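Below is one structure, written out as structure tokens; comments come after it.
Atom set for the values below is all heavy atoms of this structure, side chains included, hydrogens, waters and symmetry mates excluded. One is the number of the first residue; the rest follow in order along the sequence. Keep in mind that what you see is a predicted model, and the values were worked out from it rather than measured.
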Amino acid sequence: MQKKINDIVVDLKEVRIIGDASRIVEGVELDSRKCGPASMFVAQKGETVDGHNFISKVFEQGCRAVLCEKEPENYPSDATIVVCPDTHVALGLVASAFYDYPSKKMKLVGVTGTNGKTTTATLLYKLMMKMGHKSGLFSTVANYVGEEREDAKQTTPDSVTLARQMAEMVDKGCEYCFMEVSSHSVVQHRISGLDFDGAIFTNITHDHLDYHKTFDNYIEAKKGFFDGLKKGAFAITNVDDKNGMKMLQNTKADKKTCSLRTMADFKAKIVEHTFEGMLIDFDGQEAFMQFVGKFNAYNLLGIYGAAVCLGFDKQEVLTALSALTPVDGRFETIRSKDGKTAIVDYAHTPDALLNVIGTINEIRKKDQKLICVVGCGGDRDKTKRPEMAKEAAKGCTNVILTSDNPRSEEPEQILADMQAGLDAEDMKRTLTIADRREAIRTALTLAQAGDIVLIAGKGHEPYQEVKGVKHHFDDREEVKKVFGI
């Protein structure tokens with residue numbers, strides 16, 4: 001693909017171009033190492049590295065087009081320098097223009113919230129595919145172009161990757177695209193230049209305060225996504241969340257509400273609940289869903305609402321939804337030959353853990369024990385560690401505290417932080433086993449026929465990150481080894 005510089009910076013405001021604006025470039029790059037004679041390098045100030053420091057390096061590599069926030073002191077006489085106030089905002093606009101505005105050629109729906117983003121976005125993708133509409137997906141677990149799967153590197157990719165992969169979706173006939181919109185991506189302007197046709201807010205609870213610093217900042221990041229929606233798009237919010245209506249305060253989009261508890265545009269009620277699934281009433285129409293938990297009922301309700309907002313028939317939507325199965329690592333149930341049940345779930349926040357434990361306790365019988373294996377990630381928000389341990393102890397028969405992804409931290413220190421949330425009575429029902437494999441084996445060995453073991457925190461992840469190295473580790477594989485299946 002080739003584009004003139006003046007054609008790809010057309011949407012930028014307060015821009016100053018030094019040199020030949022008709023220069024042709026064949027790619028937009030954030031990584032200076034990938035820049036060559038046909039590239040445009042975009043210099044961004046990061047948290048630890050400033051891309052402006054690599055401008056001289058890309059010139060040495062033959063690159064002659066640079067987008068930056070300040071004019072370099074020295075540059076080749078034949079270079080084209082584009083100066084703008086904020087290259088984070090500019091990158092999305094430039095990438096979108098370079099790839100011929102792919103988000104405008106599909107129906108693009110974003111999902112934001114603390115919990116439920118992956119399930120909601122993935123099931124929307126699966127729903128459309130089920131109903132015969134080729135779609136694309138950006139999620140924490142995987143990205144899809146139709147049936148083609150690629151493991152995801154981050155929840156919301158950078159602007160160039162988004163634009164390039166959306167262009168591929170368009171080229172391959174995708175009508176719809178669904179994506180998780182993380183709070184980081186909003187603050188860092190990674191979704192700049194994207195044309196959203198709809199948005200869903202799932203909920204907001206304690207998470208990512210290591211990055212956002214305060215809960216108010218975290219809420220504003222989520223709200224920023226809705227504030228940027230265009231007139232004519234739809235905005236669905238969960239009004240049962242106490243911050244749900246805040247998302248709609250300043251949006252130009254068509255405002256819609258969903259609820260399990262009160263009157264709303266989209267209303268649902270759980271009629272029957274088992275470990276095999278739920279019978280749910282959606283706006284007066286009952287349908288059996290192969291999902292467990294009130295949190296999944298909220299996810300399904302948001303999906304149902306989005307599909308209706310996209311113009312699909314309610315009955316067609318419910319029929320297709322009832323055929324779908326859970327996302328990998330989200331309340332994934334594995335049963336042993338001797339009657340034990342293991343549930344692997346991605347719950348890695350206090351609220352998510354509370355929801356999963358609450359769901360199990362609603363269904364399990366009094367004589368069935370619930371053993372929880374849980375840890376907390378290193379180099380992340382430390383304040384949630386004691387809360388995670390407390391939620392586990394509060395709702396379970398026994399708890400095993402263990403390692404999650406310790407990253408650069410010592411597992412023992414993370415475990416000590418978790419233990420701080422437990423009182424003397426809690427500690428009597430708690431074991432601490434740093435080795436996650438041993439912790440899972442111990443929990444499954446302690447369980448008797450009929451008992452339930454919840455293994456929380458990692459879900460779909462097939463690795464454990466220790467001291468900067470990712471080692472293969474899959475909770476589901478470990479369970480199956482112990483169960484001999």
Original post:
Ignoring hydrogens and geometry, is there a side-chain-to-backbone donor-acceptor pair from E332 to G329 under 3.5 Å?
Top reply: yes
**OP:** Indicate whether the side chain of N238 and that of Y298 have a donor and an acceptor atom separated by less than 3.5 Å.
**Re:** no
Original post:
Could you state the interatomic distance from OG1 (T120) to CD1 (I303), rounded to the nearest 0.5 Å?
Top reply: 5.0 Å
Subject >> Donor-acceptor pair, side chain of D345 and main chain of R330, under 3.5 angstrom >> reply: no
Original post:
Distance from C35 atom SG to F41 atom CZ, nearest 0.5 Å?
Top reply: 6.0 Å
Subject >> Candidates T122, T118, T156 - the one meeting side chain to side chain donor-acceptor pair (under 3.5 Å) with E180 >> reply: T118
**OP:** Indicate yes or no for a side-chain donor-acceptor contact from R385 to the backbone of G377 under 3.5 Å, with no hydrogens or angles considered.
**Re:** yes
Subject >> From N299 atom CG to C258 atom SG, the distance as rounded to the nearest 0.5 Å >> reply: 10.0 Å
**OP:** Determine, stepwise, if the pair K467 / E410 fulfils salt bridge (charged side-chain N to carboxylate O under 4.0 Å, His left out).
**Re:** CA-CA 9 Å; K467 303 296 183 186; E410 293 300 327; 2.8 Å; yes
Original post:
Would you say R407's side chain and G378's backbone share a donor-acceptor pair under 3.5 angstrom?
Top reply: yes
Original post:
Are K369 and D367 ion-paired here, with the side-chain N under 4.0 Å from a carboxylate O?
Top reply: no
Original post:
Should K390 and M418 count as side-chain neighbours, where that means a heavy-atom distance under 4.5 Å?
Top reply: no
Original post:
Would you find a donor on one side and an acceptor on the other, under 3.5 Å apart, between the side chain of Q368 and the backbone of G450?
Top reply: yes
Subject >> Side chain to side chain, V187 and N217, heavy atoms closer than 4.5 Å >> reply: no
**OP:** Check the pair D435 / R437 against salt bridge (charged side-chain N to carboxylate O under 4.0 Å, His left out), numbers first and verdict last.
**Re:** CA-CA 6 Å; D435 185 306; R437 180 175 286 108; 5.1 Å; no
Original post:
Is there a donor-acceptor pair closer than 3.5 Å between any side-chain N or O of T251 and the backbone N or O of F226?
Top reply: yes
**OP:** Establish, yes or no, whether a centroid distance under 6.0 Å links the rings of F196 and F225.
**Re:** yes
Original post:
Would you call T359 and F331 a side-chain contact if the rule is heavy atoms closer than 4.5 Å?
Top reply: yes
**OP:** Report the residue from K117, K223, K222 that forms a side chain to side chain donor-acceptor pair (under 3.5 Å) with T112.
**Re:** K222
Original post:
Going from SG on C174 to CG on L108, what distance comes out if it is rounded to the nearest 0.5 angstrom?
Top reply: 12.0 Å
Original post:
Is there a side-chain contact between L370 and N361, using heavy atoms and a 4.5 Å cut-off?
Top reply: yes
**OP:** Please report the closest heavy-atom contact between T202 and T114, naming both atoms and the distance.
**Re:** OG1-N, 4.1 Å
**OP:** Verify, without hydrogens or angle tests, whether E69 (side chain) and T87 (backbone) share a donor-acceptor contact under 3.5 angstrom.
**Re:** yes
**OP:** May I ask you to test the H460-Y346 pair for a side-chain heavy-atom distance under 4.5 Å?
**Re:** yes
Original post:
Hey, is the main chain of R261 close enough, under 3.5 Å, to the side chain of S259 for a donor-acceptor pair?
Top reply: yes
**OP:** Just do the salt bridge (charged side-chain N to carboxylate O under 4.0 Å, His left out) check on K481 and E478 with the steps written out, would you?
**Re:** CA-CA 5 Å; K481 282 179 195 171; E478 297 303 320; 3.3 Å; yes
Subject >> Main-chain N/O of F291 paired to E276 side chain as donor or acceptor, under 3.5 Å >> reply: no
Original post:
Does a side-chain heavy-atom distance below 4.5 Å link P72 with I55?
Top reply: yes
Original post:
Would you say I219 and M247 make side-chain contact, with heavy atoms under 4.5 Å?
Top reply: yes
Original post:
So, for Y463 and H471, is the gap between ring centers shorter than 6.0 Å?
Top reply: no
**OP:** Evaluate salt bridge (charged side-chain N to carboxylate O under 4.0 Å, His left out) for K428 paired with E425, printing each intermediate quantity in order.
**Re:** CA-CA 5 Å; K428 290 178 184 177; E425 285 302 310; 2.9 Å; yes
**OP:** Supply the atom-to-atom distance K384 NZ to D351 CG, rounded to the nearest 0.5 angstrom.
**Re:** 11.5 Å
**OP:** Please confirm whether K130 makes a cation-pi placement over Y125, using NZ or CZ under 6.0 Å from the six-membered ring centre and within 45° of the ring normal.
**Re:** no
**OP:** Report the residue from K394, H348, E391 that forms a side-chain contact (heavy atoms from CB on, under 4.5 Å) with L353.
**Re:** E391
